[in-house]
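Down below is the structure, laid out as structure tokens.
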There are 2 protein chains.
Amino acid sequence: MTVIFSKKCEYGLQAVLFLSAKGTGEVVSADEIAKRLNIPKEFVSKILQSLTESGLVSSRKGKAGGFSLAKHPALIRLIDVVAAIDGLAIFNSCVLGFPNCSPDHPCPLHEKWGQLRSSAYSMLTEQTLDQLKEKTLNKIAHLEA
Amino acid sequence: MTVIFSKKCEYGLQAVLFLSAKGTGEVVSADEIAKRLNIPKEFVSKILQSLTESGLVSSRKGKAGGFSLAKHPALIRLIDVVAAIDGLAIFNSCVLGFPNCSPDHPCPLHEKWGQLRSSAYSMLTEQTLDQLKEKTLNKIAHLEA
DNA sequence: TCTTAAACAGATTATTTTATCTGATTAAAG
DNA sequence: CTTTAATCAGATAAAATAATCTGTTTAAGA
Ligand code: SF4
Ligand code: SF4
């Protein structure tokens, strides 16, 4: 198998997009998130807890508790979520798994891959949650299909 | 962690690049490959066996046996190796892990990610082993560093 | 106050991926 | 013909990732 983001990170991104689509202040329970996104409840709960520690999400305990975004969606970039969960190592290491990735000792794909890597990084840095609200709502609406 | 290719695939690509750098006909033992690339011998051996089944590599048993490319390096594209090991699912599925990836029900990143995905695919399709010989040799030479 | 529903913390299990082992087969070379 | 060094096949072990469980704390609302 080939993967870009870990499951943790995928779920984290989905959940955070969902929270932003719900509205900035709104508190949503892990249970609802899990049901709407069809992902394991306990798992997404753990992930959101860790994002709470990272300061991207805030949580409220007790009945009617749940999670919400800790900042305005315009201030949360996708890269922030990725950095918090998977880290940024991928943007600094070799596609081919060779050690010592650097322009001094480039691997055979350095030139071409480096460009893609930068593009991906730029994309994740430029995209903020608010920009994706419309599309997120649309995707979630058709999720059962 | 975040990954593009599995370890299997990384090692497979490295090994195949190494074989091509060695010269088309030359037979190299798994032992030598493993030592030069600093990867587990038994593992790379298994991987090359599977690539033999796929028809990209050919093998010779017995003393002085080993592996060599089954075709001219100009005829082996990187995508062929990836397809044989990791498969092509990544080029057909959602970065965010949403189900039902398709232009009909695009996920929030579809537009931007789709472009990167295509670029990556093109790159792997265009690059053949022979084009990377020089750079591979150079990388391997500095591998200990 | 009591019940209920939530986050939270930490342990545990399950699954997948990565790596190793064991023995069989094959072929080169003395 | 025997030794040696290799692939190969299949089982096994180790590590990482994904998922679940168990119990505690917290707060809302009846
Ligand atoms: S191509 Fe070279 S420099 Fe680029 S990631 Fe691979 S090893 Fe590193
Ligand atoms: S962006 Fe949409 S269409 Fe593209 S991979 Fe993700 S779900 Fe699929």
Side-chain angles (χ1 to χ4, degrees), chain A residues 1-16 19 22 26-70 82 85-87 89-90 97, chain B residues 1-15 19 22 26-70 82 85-87 89-90 96-97:
Chain A
M1 249 287 262
T2 311
V3 158
I4 299 289
F5 300 126
S6 68
K7 272 302 173 206
K8 253 188 210 167
C9 195
E10 284 182 6
Y11 292 161
L13 285 163
Q14 289 185 22
V16 152
L19 284 178
K22 270 283 188 172
E26 197 154 346
V27 171
V28 188
S29 74
D31 195 59
E32 179 180 348
I33 296 171
K35 272 181 186 136
R36 294 300 305 280
L37 297 175
N38 273 303
I39 61 187
K41 173 189 163 180
E42 316 288 347
F43 201 20
V44 80
S45 177
K46 269 268 172 325
I47 294 164
L48 286 169
Q49 281 167 37
S50 89
L51 288 178
T52 300
E53 273 190 72
S54 308
L56 296 175
V57 166
S58 61
S59 68
R60 217 170 64 194
K61 290 176 88 173
K63 190 163 180 174
F67 299 92
S68 59
L69 295 182
V82 172
I85 301 179
D86 274 348
I90 194 182
Chain B
M1 249 285 265
T2 312
V3 157
I4 299 288
F5 300 126
S6 68
K7 273 296 172 207
K8 253 188 210 166
C9 195
E10 283 183 5
Y11 292 161
L13 285 163
Q14 289 185 23
L19 284 178
K22 269 284 187 172
E26 197 154 346
V27 172
V28 189
S29 74
D31 194 60
E32 179 179 348
I33 296 171
K35 274 181 184 136
R36 293 300 304 281
L37 297 176
N38 274 303
I39 61 188
K41 173 189 163 178
E42 316 288 347
F43 200 20
V44 81
S45 177
K46 269 268 175 319
I47 294 164
L48 286 169
Q49 281 167 36
S50 87
L51 289 178
T52 298
E53 272 190 74
S54 308
L56 296 175
V57 166
S58 60
S59 68
R60 218 170 64 193
K61 291 177 87 174
K63 190 162 179 173
F67 299 92
S68 59
L69 295 181
V82 172
I85 301 179
D86 274 349
I90 193 182
L96 299 181

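Quick note on labels: first sequence line is chain A, next is B, and so on, each numbered from 1.
- In this structure, B:Lys7 pairs ionically with B:Glu10, as a charged nitrogen and a carboxylate oxygen lie closer than 4.0 Å.
- Sorted pairs that involve residues 49-70 of chain B and meet salt bridge (charged side-chain N to carboxylate O under 4.0 Å, His left out), not counting sequence neighbours, are lacking altogether.
- With sequence neighbours excluded, no residue forms a side chain to side chain contact (heavy atoms under 4.5 Å, CB included) with B:Glu42.
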Under 3.5 Å between N/O atoms: give me all the protein pairs with nucleotides 28-30 of chain C, atom names plus distance.
none

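- Contacts of A:Lys46 with the nucleic acid, taken as non-hydrogen atoms under 4.0 Å apart, include base atoms.
- In this structure, the side chains of A:Leu69 and A:Leu56 stay at 4.5 Å or more apart for every pair of heavy atoms.
- The distance from atom CD1 of A:Ile47 to atom P of D:dA19 is 8 Å, rounded to the nearest whole Å.
- Remark: of the listed residues B:Asp31, B:Ile33, B:Leu37, B:Ile33 is the sole one forming a side chain to side chain contact (heavy atoms under 4.5 Å, CB included) with B:Val44.
- When rounded to the nearest whole Å, the span between NZ of A:Lys7 and C1' of C:dT16 equals 13 Å.
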Practice problem: Given side chain to side chain contact (heavy atoms under 4.5 Å, CB included), test A:Phe67 with A:Val27 step by step and report yes or no. | Solution: CA-CA 5 Å; A:Phe67 299 92; A:Val27 171; over 6 Å; no
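- Checking C:dC8, C:dT20, D:dT7 against every side-chain atom of A:Gln49, the shortest atom distance belongs to C:dC8.
- Atom P of nucleotide C:dT17 and atom CZ of B:Phe5 are separated by 16 Å, given to the nearest angstrom.
- Protein atom CZ of A:Phe43 is 18 Å distant from nucleotide atom P of C:dT13, rounded to whole Å.
- In this structure, CD of B:Glu32 is placed 10 Å from P of D:dA6, rounded to the nearest angstrom.
- Between the P atom of C:dT16 and the CG atom of B:Asp86 lies a distance of 16 Å, rounded to the nearest Å.
- Residue B:Phe67 places its side chain closer to D:dT7 than to any other of D:dT20, D:dT7, C:dA7.
- For D:dA19, one of the phosphate oxygens OP1 or OP2 lies less than 4.0 angstrom from a side-chain nitrogen or oxygen of A:Tyr11.
- A salt bridge does not link A:Glu32 with A:Lys41: every distance from a Lys NZ or Arg NE/NH1/NH2 to an Asp or Glu carboxylate oxygen is 4.0 Å or more.
- Distance B:Asp31 CG to C:dT20 C1': 15 Å, rounded to the nearest Å.
- Relative to the side chain of A:Glu42, the nucleotides D:dA18, D:dC21, C:dT18 differ in distance, and D:dC21 lies closest.
- Phosphate contact (OP1/OP2 of C:dC8, side-chain N/O of A:Ser45, threshold under 4.0 Å): absent.
- Distance from the side chain of B:Ser29 is smallest to D:dA6 among D:dA19, C:dT18, D:dA6.
- Between A:Ile39 atom CD1 and D:dT17 atom C1' the separation is 16 Å, expressed in whole Å.
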